[in-house]
Amino acid sequence: MGIPKIHPPITNASGPLSVTEEELHALGRSGAGAVVTKSMTHCPREGNPEPRLAPRINHDVGSINSMGLNNLGYKRYAELVPALKQHGKPVIASVSYAPCGHDLPLEEQYLVIAQALEEAGADMLEINLSTPNLTGIPIATDPENVRRVMEPLKRAIRIPMSVKMPPYNNSLALFEEVASLLVELEVDAVVTMNSEPNALDIDLKTRTKLIRPRGGYGGLGGPAILPIALGEVHRFYRYFRDRGAEIPVWGCGGIATPEDAVKHFLAGASAVQVGTALLWEGPGIFERLWGGVERWLREHGFSSVEEIIGTVRDA
Ligand SMILES: Cc1cc2nc3c(=O)[nH]c(=O)nc-3n(C[C@H](O)[C@H](O)[C@H](O)COP(=O)(O)O)c2cc1C
């Protein structure tokens, strides 16, 4: 089954303003091309203790969070899918793992959730292999874990599945290993990137760390990570293109302006997601971004995003 058409090719990133029923319907009514849910886990979770989100740090360069996968639990999201589909755009369910009151192993938790959301009518699954805020070590930093999670899913699930990845900028050997595994597993799309793990910021007035969980360390998102995210998108894009693998790359990270989104498309993204800037601006951001992308395309003589995907030139 092919990937659903995402138009405009701009959606929310899983997490910001996508946890509650009200937030998800607001995304459904917005100018986003799809609704992506918060990453759901087997058990409902309250998440980490507050303060766990610093939405605007250090002259608006970004956000730091360690939310700890606060979510309603997969059963509730499965119930919400039919009503969310009424908005007439694809519903993408983000599936994740967290230790929970029982001992269902990692891969079985993913499988149970994925099957329930497929049955509920979700159009696509985004398999989150990159949550940085439970242990500081995303699942996708271990190729064996990627295989352990994805193989049973590939056998059982019929709707398209993307994988949400952490940055590999500090480990290019690991990148090669994981990217070749994703080709072997025939994933339907790659979403890159999740937040830059293990960042810290300090309030100078009070000399305190901005967030409490995990010793103050959290995931960095927003404009500060744009160049890292562009690097991730371009690296995956080239890797797949050079091997003839038709795996679309969806860019996520650092997008706050239409020009940021255009950079993602030039680097190789065929759709983009917005996290921190959505927190800042609310669901009206999608119309502003898409309007600006369309204007940029017109002004530069293009008639569609497809014409510019991956066309960045060497310096
Ligand atoms: C408050 C908050 C919650 C997040 N929760 C999730 C999540 O549940 N699942 C996930 O895959 N990413 C989550 N993320 C990461 C974002 O989806 C995104 O990958 C990251 O913030 C980079 O995008 P940005 O620069 O546009 O913020 C969260 C980010 C923030 C700020």
Side-chain angles (χ1 to χ4, degrees), residues 10-20 23-24 27 32 34-41 44-48 50-57 60-74 77 92-98 110 113 125-134 138-140 161-167 169 189-197 199 201 210-211 213 218-233 249-257 260-261 263-264 269 271-281 285-286 289:
I10 304 183
T11 78
N12 66 300
S14 173
L17 304 187
S18 57
V19 179
T20 66
E23 288 173 341
L24 290 165
L27 290 169
V35 175
V36 183
T37 71
K38 169 74 186 176
S39 291
M40 59 191 75
T41 53
R45 289 173 59 84
E46 283 184 11
N48 287 335
E50 312 261 1
R52 59 191 184 181
L53 169 64
R56 262 184 202 270
I57 62 163
D60 298 348
V61 296
S63 65
I64 290 189
N65 88 86
S66 181
M67 305 301 287
L69 285 176
N70 56 306
N71 77 95
L72 308 176
Y74 79 97
Y77 291 107
I92 302 176
S94 172
V95 180
S96 201
Y97 162 81
Y110 274 101
I113 301 171
L125 303 177
E126 182 175 287
I127 308 301
N128 179 4
L129 301 173
S130 48
T131 289
N133 295 325
L134 292 179
I139 287 179
M161 282 185 291
S162 60
V163 284
K164 172 104 176 255
M165 305 310 274
N169 51 325
V190 168
V191 183
T192 185
M193 56 183 261
N194 210 310
S195 24
E196 177 70 23
D201 200 8
L210 294 188
I211 60 170
L220 180 64
I225 66 166
L226 178 66
I228 301 173
L230 293 174
E232 297 302 312
V233 167
V249 180
W250 290 3
C252 178
I255 297 173
T257 69
D260 300 333
K263 288 185 183 180
H264 268 265
V272 295
Q273 301 185 340
V274 185
T276 298
L278 168 62
L279 274 182
W280 293 351
E281 201 173 321
I285 193 169
F286 300 107
L289 291 178

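Atoms within each ligand, like the ligands themselves, are counted from 1 in listed order.
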* To do: May I ask you to check if ligand 1 and Ala13 share an N or O to N or O distance below 3.5 Å?
  => no

* Asked: Does any N or O atom in Gly254 lie less than 3.5 angstrom from one in ligand 1, N or O only?
  -> yes

* For Arg52, which residues count as a salt bridge (Lys or Arg N to Asp or Glu O under 4.0 Å) partner, sequence neighbours excluded? -> Glu50

* Asked: Do any nitrogen or oxygen atoms of Leu53 come within less than 3.5 Å of a nitrogen or oxygen of ligand 1?
  -> no

* **side chain to side chain donor-acceptor pair (under 3.5 Å) evaluation trace for Ser94 with Asn128** => CA-CA 6 Å; Ser94 172; Asn128 179 4; 4.6 Å; no

* Subset of ligand 1 atoms that lie under 4.0 Å from at least one heavy atom of Asn128 -> 9 (N), 10 (C), 11 (O)

* Pairing residues for Glu196 by the salt bridge (Lys or Arg N to Asp or Glu O under 4.0 Å) criterion, not counting sequence neighbours -> none

* With a 4.0 Å heavy-atom cut-off (strictly under), which part of Asn65 contacts ligand 1: side chain, backbone, both or neither? -> side chain

* With rounding to the nearest 0.5 Å, note down the distance linking NZ in Lys38 to CG in Leu17. => 11.0 Å

* Asked: Does Trp250 reach the side chain of Thr11, with side-chain heavy atoms less than 4.5 Å apart?
  -> no

* Structure fact -> Counting from 1 in the order shown, the ligand 1 atoms closer than 4.0 Å to a non-hydrogen atom of Ile225 are 22 (C), 25 (O)

* Any N or O of Ser63 closer than 3.5 Å to N or O of ligand 1 -> no

* Asked: Do any nitrogen or oxygen atoms of Ser14 lie less than 3.5 angstrom from nitrogen or oxygen atoms of ligand 1?
  -> yes

* Proximity of Asn71 to ligand 1 by residue part, where a heavy atom lies under 4.0 Å -> neither

